[in-house]
Amino acid sequence: MRRLVLLALLALPGCFYPADRGRALEAKVDRLGADTAQMQSQLKEAREQLAATLPKIDEKVAEVTKALQGLDTAARRKDADIGIQLQKSVEDLAQLRGQVETYLHKITELETALAEQDKKLLALQGTEAVKEAEAKKKAEELQRPTDKKEFLALAQEKAKAGEVLLARQLYTEFLKKWSKDPLVGDAHYGLGETYFSESRCREALFEYGKVVQEHPKASTAPDAYLRSSECFAKLKMKDESRLALEELVKGYPKSAAAKTAKERLAELDKAAKTPAKKGKK
């Protein structure tokens, strides 16, 4: 029963937010998202119109060039139509250039407005969202290995280098790409470590819980129990912290993490037997 309680605690989501405030924030984000989608559609349409107009300009330039060449022989050929053709081509060209300038102006306005919308969305979501957006952009520019082991190694490398948010992006992407792979447990553990490094214990516990519940045979499962104990301790949940250590020793007795768990349990037992010091009178 105690183990079931522990697993249930590990399965709890890490984020908590007041309901009313959360709904208001979601409504604002939804409105901004709808406006952004509309502007993106308009921007796409403007770019398509521009792309369709540019070839027409090339055609008109060719017509004007041909008409100008014809003027050299106009007097000899008495071809009055050449002058009329030239005038019309020049007028058409001017009109097309006006359209291009209109499209370019509209595109610039829409791109600027979209950039402002992105800033507003990030501002609503807080400083952390801004950092995550920057990390996402950096992740998009990063060259990724196609091999899953190399991909996971890259995420671990970035985490070790202190690029926590970038590593988090990579771990999350790994979980989407290889959701059924045996290495998923290690990816959840790595993701938990990125939260643990920021002292975000609730989020970390959720990821460690994924490891011990769904991937108990993963190489990182013993360490996930050990980290869970540390997180519970930081959250002042002493009984749960001890229970995680006991489950680790019971389930993975030969692991290095179990050795550490035994030492910590011994320290807890020693501390429990030591009488509390009374204050001086």
Side-chain angles (χ1 to χ4, degrees), residues 7 10-11 13-15 29 33 36-37 39-41 43-44 47-48 51 107 111 114-115 117-119 121-122 125-228 230-231 248 251-252 254-257:
L7 292 177
L10 287 171
C15 299
V29 170
T36 298
M39 283 189 283
Q40 286 174 337
S41 177
L43 179 59
K44 181 182 178 183
R47 284 175 173 162
E48 288 173 350
I107 287 170
E111 287 177 340
L114 280 169
Q117 287 289 89
D118 287 342
K119 288 179 182 178
L121 279 168
L122 290 174
Q125 294 166 347
T127 306
E128 191 64 30
V130 176
K131 291 180 180 178
E132 288 184 4
E134 291 172 352
K136 185 176 181 181
K137 184 178 179 182
K138 193 172 181 180
E140 288 171 354
E141 297 169 353
L142 187 67
Q143 187 68 34
R144 291 162 171 68
T146 54
D147 180 77
K148 59 188 178 183
K149 290 183 179 179
E150 291 178 5
F151 194 107
L152 187 60
L154 177 63
Q156 293 166 339
E157 177 189 323
K158 294 299 178 183
K160 194 173 182 180
E163 297 183 72
V164 177
L165 294 177
L166 178 55
R168 192 173 297 155
Q169 290 284 341
L170 293 171
Y171 280 126
T172 302
E173 191 172 329
F174 180 95
L175 291 170
K176 289 179 181 178
K177 279 189 172 183
W178 292 285
S179 59
K180 304 296 182 182
D181 193 86
L183 290 173
V184 163
D186 294 338
H188 275 298
Y189 178 79
L191 191 53
E193 289 289 88
T194 66
Y195 290 119
F196 183 84
S197 68
E198 296 176 334
S199 297
R200 294 169 62 179
C201 284
R202 295 185 186 279
E203 290 92 336
L205 279 169
F206 181 74
E207 298 302 330
Y208 297 143
K210 285 282 186 180
V211 182
V212 301
Q213 283 186 300
E214 299 176 12
H215 309 279
K217 293 183 179 180
S219 61
T220 49
D223 292 318
Y225 269 112
L226 194 61
R227 283 296 203 208
S228 296
E230 292 175 22
C231 283
L248 167 54
Y252 308 89
K254 296 182 180 179
S255 65

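Only this structure's heavy atoms are used, side chains among them; waters, hydrogens and symmetry mates stay out.
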For [X], what residues pass the side-chain hydrogen bond (donor to acceptor under 3.5 Å, both in side chains) criterion, not counting sequence neighbours?
X      : value
Ser197 : none
Glu48  : none
Lys44  : none
Glu230 : Arg227, Arg264

### Task
Provide the full list of side chain to side chain donor-acceptor pair (under 3.5 Å) pairs with a residue in residues 179-188, sequence neighbours left out, each pair given once.
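Sorted pair list: Lys148-Asp181, Asp186-Ser219, Asp186-Thr220, His188-Glu207.
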
### Task
Decide yes or no for Ser255 and Leu248: does some side-chain heavy atom of the first lie under 4.5 Å from some side-chain heavy atom of the second?
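Yes. Closest side-chain heavy atoms under 4.5 Å.
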
### Query
Lys158 versus Arg168: any side-chain heavy-atom pair under 4.5 Å?
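A side-chain contact is absent here, since even the closest heavy-atom pair is not under 4.5 Å.
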
### Task
Could you tell me which residues satisfy side-chain contact (heavy atoms from CB on, under 4.5 Å) with Pro145, sequence neighbours excluded, listed by chain and number?
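Here the qualifying residues are Glu150, Phe151, Leu154.
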
### side-chain contact (heavy atoms from CB on, under 4.5 Å) partners of Ala204, counting only residues at least two apart
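Listed in chain order: Tyr195, Phe196, Tyr208, Cys231.
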
If you round to the nearest 0.5 Å, how far is [atom2] of [Y] from [atom1] of [X]?
X      : Y      : atom1 : atom2 : value
Thr194 : Glu163 : OG1   : CD    : 13.0 Å
Phe174 : Lys149 : CZ    : NZ    : 10.5 Å
Leu170 : Leu175 : CG    : CG    : 11.0 Å

### Query
Do you know the tightest heavy-atom contact between Asp223 and Ala257?
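For Asp223 versus Ala257, the nearest heavy atoms are OD1-CB, 3.7 Å.
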
### Task
Please name all residues satisfying ring-ring contact (aromatic ring centres under 6.0 Å, His included) with Tyr171, sequence neighbours left out, ordered by chain then number.
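Tyr171 satisfies ring-ring contact (aromatic ring centres under 6.0 Å, His included) with no other residue.
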
### Task
Using salt bridge (charged side-chain N to carboxylate O under 4.0 Å, His left out) as the criterion, list what pairs up with Glu214, not counting sequence neighbours.
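Listed in chain order: Lys210.
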
